[in-house]
Each structure stands twice: as C-alpha cells, then as structure tokens.
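Notes to accompany the following structure.
Just so we're clear, the structure is a prediction, and the values are computed from it rather than from any experiment. Each chain gets a letter, A, B and so on, in the order the sequences are listed, and its residues count up from 1.
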Amino acid sequence: MSGLNIRRIDPFRLEIARIPPMRTTGLVYANRAIERTLGDVQVLQQVANVATLPGIVGPSMAMPDIHWGYGFPIGGVAAFSRDEGVISPGGVGYDINCGVCCILTGLKVEDVRPRLERLLTSLYNNVPSGVGSCNRALAVSGKEFNRVLELGARWSVKKGYAPTDDLEAHEDEGCIAGADPEAVSAKALERGQPQLGTLGSGNHFLELDVVDLVADSEKARELGLFGDQVVVLVHTGSRGLGHQVCDDHVHGMISAASRHGIALPDRQLACAPVTSREGREYFGAMAAAANFAFANRELIAYLIRGTFEQVFGGSFERLGMRMLFDCCHNIAKMERIRWEGREIEACVHRKGATRALPPGDTRLPPRFRRTGQPVLVPGDMGRMSYILSGAAGAAETFFSACHGAGRLLSRHEAKKRARGRKILDELLRKDIHAMAASRATLAEEMPEAYKDVSDVVDTITGAGITSCVARLRPFAMVKG
Amino acid sequence: MPYTLIDHTADTGMRVSSPTVEGLFVEAALALCDIMGALTPGKGETAVVQVEGVDREDLLVRWLQEILYLVEVKGFRVAKAGLMELTDTDLRGELRGAYTGESLLVEVKAVTYHNLEIACIDNAYVAAIILDM
C-alpha cells in the first residue's frame with residue numbers, strides 16, 4: 001500500500017510499521033469487515049502522517065469508524081506529551097466538541113406511537129435545524145456570552161435550562177477547564193452567537209430510538225435503560241463559532257510550526273508545542289468553543305424536554321427525562337496517561353472518537369463507577385445505534401473508542417446513488433419517520449452512505465475497549 | 001464553470017483550473033459559491049477582501065475563508081469575483097453581488113489546507129481544495 005507496511009496483528013487490530021519520518025507505529029482497530037471498507041491508502045496514510053508529529057506518545061491510533069478526513073483521519077486518536085509534544089487544531093477539527101448526548105425517557109414506544117406525528121412535527125418546529133439555522137429566542141451576547149464560553153453546560157444549569165443532575169452526566173461535567181474567551185476572535189463570536197440552541201445541518205440530527213436489545217441487564221438497569229424504552233439522541237457541536245476558532249488557529253500555526261522547526265506532511269496538521277504561546281492560545285479558544293457546544297446540546301435538550309411536556313403533558317421529570325450522557329467527539333484534552341510504565345501528562349487528541357472510561361475509574365462520577373462510562377455510538381438513519389460502556393482494555397487507547405458508524409460513501413456519491421429514489425419513503429417502509437430541512441441532506445445521509453455500525457461495535461468490543469450494554473433502533477428523526 | 005467535484009469520504013472537494021493563477025483564485029471563489037448556492041445574478045454591491053499569507057496556497061485558503069464568512073455571516077451573494085493584487089504573500093480582491101441573505105444550499109464549515117498545492121500542468125494552474133462540510 002504505497003510504501004506503508006501494514007500487517008494484521010489479531011482479529012481486531014492492524015499495525016502500520018514505523019517507517020521514517022514516522023516517530024511511532026500506527027494502530028488501526030479493524031476486523032475483516034472494517035478492513036474491506038478502508039478502500040484506498042489515503043486514510044491509512046493519514047494515520048501514518050499523524051505518527052510523524054513531535055512528542056507523540058504510544059501509537060497513532062484509529063478507531064474502527066475510521067475514514068478519510070483532512071489532516072487527521074476521522075476516528076483518529078493521538079496523545080502528545082505536554083512537555084515535548086504538540087497541539088494541532090486540525091487534530092480536533094472544525095466542529096470543536098461535536099458530540100452526542102442521550103436523553104432517557106420513562107416512556108415505552110407504545111406510549112409514543114399514538115402521538116408520534118405531533119411529537120416529530122413539534123420537535124422539528126421547536127429545535128432550529130438546517131443550513132444557517134439561528135435561535136434568536138435563546139441568543140445571548142456580551143459578558144453573558146463569555147459566561148457560556150467559560151462555563152459550558154454549567155451555564156445552562158445556572159440559567160435554569162437544565163437540572164443540576166445533568167452535569168454529572170457530561171464528560172468533564174460539561175465544562176473544559178482553561179477556556180479563554182479572549183482568545184476567541186470577533187468573527188468567531190459573530191458566527192456563533194446567533195447559533196446557540198441550534199442543531200445545524202449535514203450529519204447533525206435529533207433522533208428518537210427504542211431500546212431494541214438489552215445486552216447487559218445489570219448495567220442497563222443501573223444506567224436506567226430498559227426494553228422498548230424511548231430515548232433521544234442529539235448530535236451537534238459548536239456551530240460557526242468552533243469552525244471559525246479552528247480556521248483562525250490553523251492559519252496561525254502554519255507559521256508557528258515553521259518557527260518551531262516542525263516538518264508537516266500535510267499543512268492541515270499545522271501545530272505548535274503544547275506549552276508555546278500559540279499552543280496555549282489555541283487551547284484556551286478551543287476549550288471556549290467546546291464549552292459553547294456543551295451549552296448548545298443542553299439548550300437543545302431543554303427544547304426537547306419542553307416539546308415532550310407539550311405533547312404528553314406533565315413535567316419532564318414525571319416523563320422520566322434525564323440525561324444519560326453527553327460526550328465529545330472532536331477535542332484535545334490534557335489527561336494523565338500511562339505508557340510503558342510511566343505516568344505522562346499528555347494532550348490527547350480525539351478527532352471523531354470518544355472517551356471511554358472503564359468501571360472503577362476515579363474520574364467517573366459515582367453513578368458510572370460500577371458500569372463504566374456510557375459510550376454512545378450512533379449508527380445511520382436506517383440501522384441500529386448502540387450504548388456501550390468503557391472496559392478495562394481501553395487503557396491501550398488512552399481510554400478512547402469509536403464515535404459512530406463512519407462514512408463509507410462520499411456525499412457526492414451518496415447523492416448520485418439516491419437520484420430517482422425517495423429516501424423518506426424508503427425509511428417509512430422500515431417504520432422510520434423522518435423530517436429534514438433539506439432533501440439533499442437526506443440523500444447525503446442515507447443509510448448506505450455509512451458503514452454497518454454493527455461491524456464497528458463488533459471490533460471495538462472484540463478488542464476489549466468497550467462492552468455492549470444496549471442496542472437502539474431509530475424510529476423518528478429530525479435531520480438538519 | 002471550470003471545476004469538478006472531488007469524491008471525499010467525509011466532506012467534499014473541488015478541483016479548479018485556469019490558464020492564469022489569478023484566474024484560479026477567481027474560479028475557486030465562484031466554485032465555492034456555486035457549491036454553497038451563493039451565486040446571484042444581481043451585482044449592485046461590492047465587498048473587498050484583503051488577506052495575507054505565507055504563500056499562494058495559504059492565500060487561496062484565506063481568500064476562500066473570507067468569502068465563506070461574507071456569505072454565511074453577512075449574507076453576501078456573489079455575482080462576480082476579481083483580483084486587484086496578488087503577490088506571494090498578499091491578496092486584494094473584490095466581489096460584486098448583493099447582500100440578500102438568501103438561504104444557502106449547504107453549510108460549508110471551512111476551507112481546509114489538506115494536501116493543497118497549486119500546480120501548473122499543461123499550461124493551466126490547478127488546485128484541489130477540500131471543504132469541511
């Protein structure tokens with residue numbers, strides 16, 4: 001494969017041998033089915049490119065939902081020593097803290113079906129979605145907006161949009177420490193301010209799922225999951241604010257990389273030492289954008305809870321609506337990791353990957369100590385999604401796992417294949433009700449545009465990184 | 001319009017060409033606007049774009065990023081693009097169009113630097129630009 005030396009080391013792992021200028025090996029989590037989806041060399045070359053960056057600790061990794069990105073592959077995980085390593089805006093991506101949250105309900109699918117049409121229409125009307133979506137009703141500005149950037153989900157709780165109980169159900173309690181609103185440009189503020197409380201477009205969605213299979217009844221019970229239960233998944237991020245923060249800092253780091261003598265195999269990997277001025281500024285801005293995303297998902301959860309109250313009557317608490325978990329997909333975080341017997345302070349980049357802490361990990365709040373951290377793995381519109389939990393084997397990925405199914409087809413190819421088809425009707429035949437702001441988005445996001453998420457889950461659980469708690473089946477969704 | 005779409009798994013891309021490097025910048029601007037649904041026949045208003053970069057590839061990304069900002073945030077819709085100045089590190093360009101704020105077809109998050117190179121092949125300047133969608 002174009003100069004790369006790739007070998008299978010077990011049923012769930014491929015290794016890319018270290019060839020200069022790589023500083024370490026590549027490690028790709030892939031069973032045979034996933035390996036067949038890797039296609040051409042570009043995506044594996046991206047894993048190898050990340051391995052060339054200074055201060056990388058352990059291998060350059062890719063989760064089984066890996067696909068061709070820009071700079072880092074989507075599904076990429078890499079840790080860099082705080083003292084000798086780098087931080088890369090391209091290693092986080094433009095949609096900083098794009099992530100997923102799962103809201104549980106106490107309702108069973110048969111409770112929802114009689115009011116499904118009203119519920120779906122109300123969700124579509126109440127949660128702004130689509131290209132350029134704004135939410136003037138929830139917009140804040142000036143110092144108050146800076147508080148959003150500093151506090152994340154905690155701001156939503158302070159303002160009464162979310163119950164305090166939600167905070168423990170967030171990665172890092174919904175607030176990345178070290179956010180610096182001053183490092184966020186005026187343009188980023190301008191792009192982001194009107195978009196707080198909006199879903200956006202593309203692969204972002206709001207989905208109603210039913211718990212289709214309980215794989216681990218003890219963990220499911222502990223997490224509040226049961227058969228035929230209705231749960232809500234929300235996928236969105238930091239909107240235009242995050243996009244602009246990344247833009248601003250990639251540009252700055254092209255010069256910084258050159259000044260610090262860092263050779264870049266791809267400019268999108270532009271980076272600077274973690275402890276440099278450029279590195280610190282980016283981290284402060286990125287954390288602010290990540291906090292915007294936490295607040296954004298909480299505001300969407302607030303709109304969803306309000307919609308359920310309108311449609312079913314009673315309070316959201318009586319409807320059993322509580323946050324199961326909210327996690328980041330695109331992030332760089334300072335974490336203590338263990339490698340070759342040493343404890344290292346590292347900047348762990350997850351680009352299209354999610355954290356996965358095992359049972360007993362002291363970073364977990366009490367509610368997850370016995371189960372491990374919930375790992376939410378949404379699939380495509382027409383197949384399954386999964387709730388996994390972190391397992392002991394996750395130590396080898398610096399406690400990281402897959403974030404979804406991973407794209408298989410380009411958007412262009414998906415639209416070509418959708419020509420002449422009615423995707424909404426195809427979904428309806430599977431008893432899946434969808435509303436979308438754009439037909440083009442539906443075509444781009446059709447089920448066959450994605451890998452089979454079951455292959456992704458088989459790989460990550462087979463490798464011992466996670467264990468399966470429950471499987472979800474989608475039955476209604478709003479697409480941006 | 002002299003551009004073709006590039007099949008990119010996560011996002012999308014555009015391959016642009018022109019007999020001149022200035023023309024390449026103009027065609028890239030129009031291609032981006034075409035993908036976003038930001039082209040308009042009206043050209044009563046003007047927006048000036050001025051950027052600095054470390055080289056021409058950097059300038060190309062920054063020129064397109066500025067246009068993306070004008071389209072997404074300011075609601076500018078583009079009829080015509082032109083360059084007044086292009087060196088290795090500075091660009092000054094002008095867009096003709098109108099601030100209509102009409103809805104867009106797709107949301108482009110960003111213009112990336114991924115493997116970007118301006119090459120001269122068979123007397124034409126070409127570049128493949130990946131957009132984050």
Non-hydrogen atoms of chain B under 4.5 Å away: do they reach the side chain of [X], the backbone, both or neither?
{"X": "A:I254", "answer": "side chain"}
{"X": "A:H251", "answer": "both"}
{"X": "A:L408", "answer": "backbone"}
{"X": "A:Q193", "answer": "neither"}

- prompt: For B:R96, does the CZ atom sit with more than 12 other heavy atoms under 6.0 Å from it, leaving out its own atoms?
  reply: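 Yes, because the 6.0 Å sphere around CZ of B:R96 holds more than 12 heavy atoms from other groups.
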Just by distance, do the side chain of [X] and the backbone of [Y] share a donor-acceptor pair under 3.5 Å?
{"X": "A:N49", "Y": "A:P265", "answer": "no"}
{"X": "A:S60", "Y": "A:V47", "answer": "yes"}
{"X": "A:N296", "Y": "A:T198", "answer": "yes"}
{"X": "A:K451", "Y": "A:P64", "answer": "yes"}
{"X": "A:S238", "Y": "A:L241", "answer": "no"}

Which atoms of [X] come close to chain A, meaning under 4.5 Å heavy atom to heavy atom: side chain ones, backbone ones, both, or neither?
{"X": "B:L105", "result": "backbone"}
{"X": "B:V51", "result": "neither"}
{"X": "B:S103", "result": "neither"}

- prompt: So which residues of residues 52-61 of chain B are in contact with chain A at a heavy-atom cut-off of under 4.5 Å?
  reply: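 Result: B:E52, B:G53, B:V54, B:D55, B:E57, B:D58.
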query: For chain A, which residues from residues 122-133 of chain B have at least one heavy atom closer than 4.5 Å to it?
result: B:D132, B:M133
Between [options], which has the largest tally of heavy atom pairs under 4.5 Å with chain B?
{"options": "A:G480, A:G69, A:G71", "answer": "A:G69"}
{"options": "A:G132, A:P194, A:G202, A:S201", "answer": "A:S201"}
{"options": "A:S410, A:S258, A:A449", "answer": "A:S410"}
{"options": "A:I74, A:L269, A:D95", "answer": "A:D95"}

- request: First locate atom NE2 of A:H249, then atom OH of A:Y282, and finally report the distance between them rounded to the nearest 0.5 Å.
  value: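 A:H249 atom NE2 to A:Y282 atom OH measures 8.0 Å (nearest 0.5 Å).
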Under a 4.0 Å N-O cut-off, is there an ion pair linking [X] with [Y]?
{"X": "A:K187", "Y": "A:E190", "value": "no"}
{"X": "A:E413", "Y": "A:R417", "value": "yes"}
{"X": "A:E444", "Y": "A:R407", "value": "no"}

field: Modelled atom types, side-chain donor and acceptor of B:D34 and B:Y3, under 3.5 Å
entry: yes
- prompt: Do A:C98 and A:H235 come close enough that some side-chain heavy atom pair is under 4.5 Å?
  reply: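 In contact.
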Option among A:K415, A:R411, A:R439 that satisfies the salt bridge (Lys or Arg N to Asp or Glu O under 4.0 Å) test with A:E445: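 Only one of A:K415, A:R411, A:R439 forms a salt bridge (Lys or Arg N to Asp or Glu O under 4.0 Å) with A:E445, namely A:R411.
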message: Can you pull out every side chain to side chain donor-acceptor pair (under 3.5 Å) where at least one residue sits in residues 75-87 of chain B? Sequence neighbours excluded, please.
response: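 Found none.
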query: Under the side chain to side chain donor-acceptor pair (under 3.5 Å) test, which residues partner A:N97, sequence neighbours left out?
result: A:R297
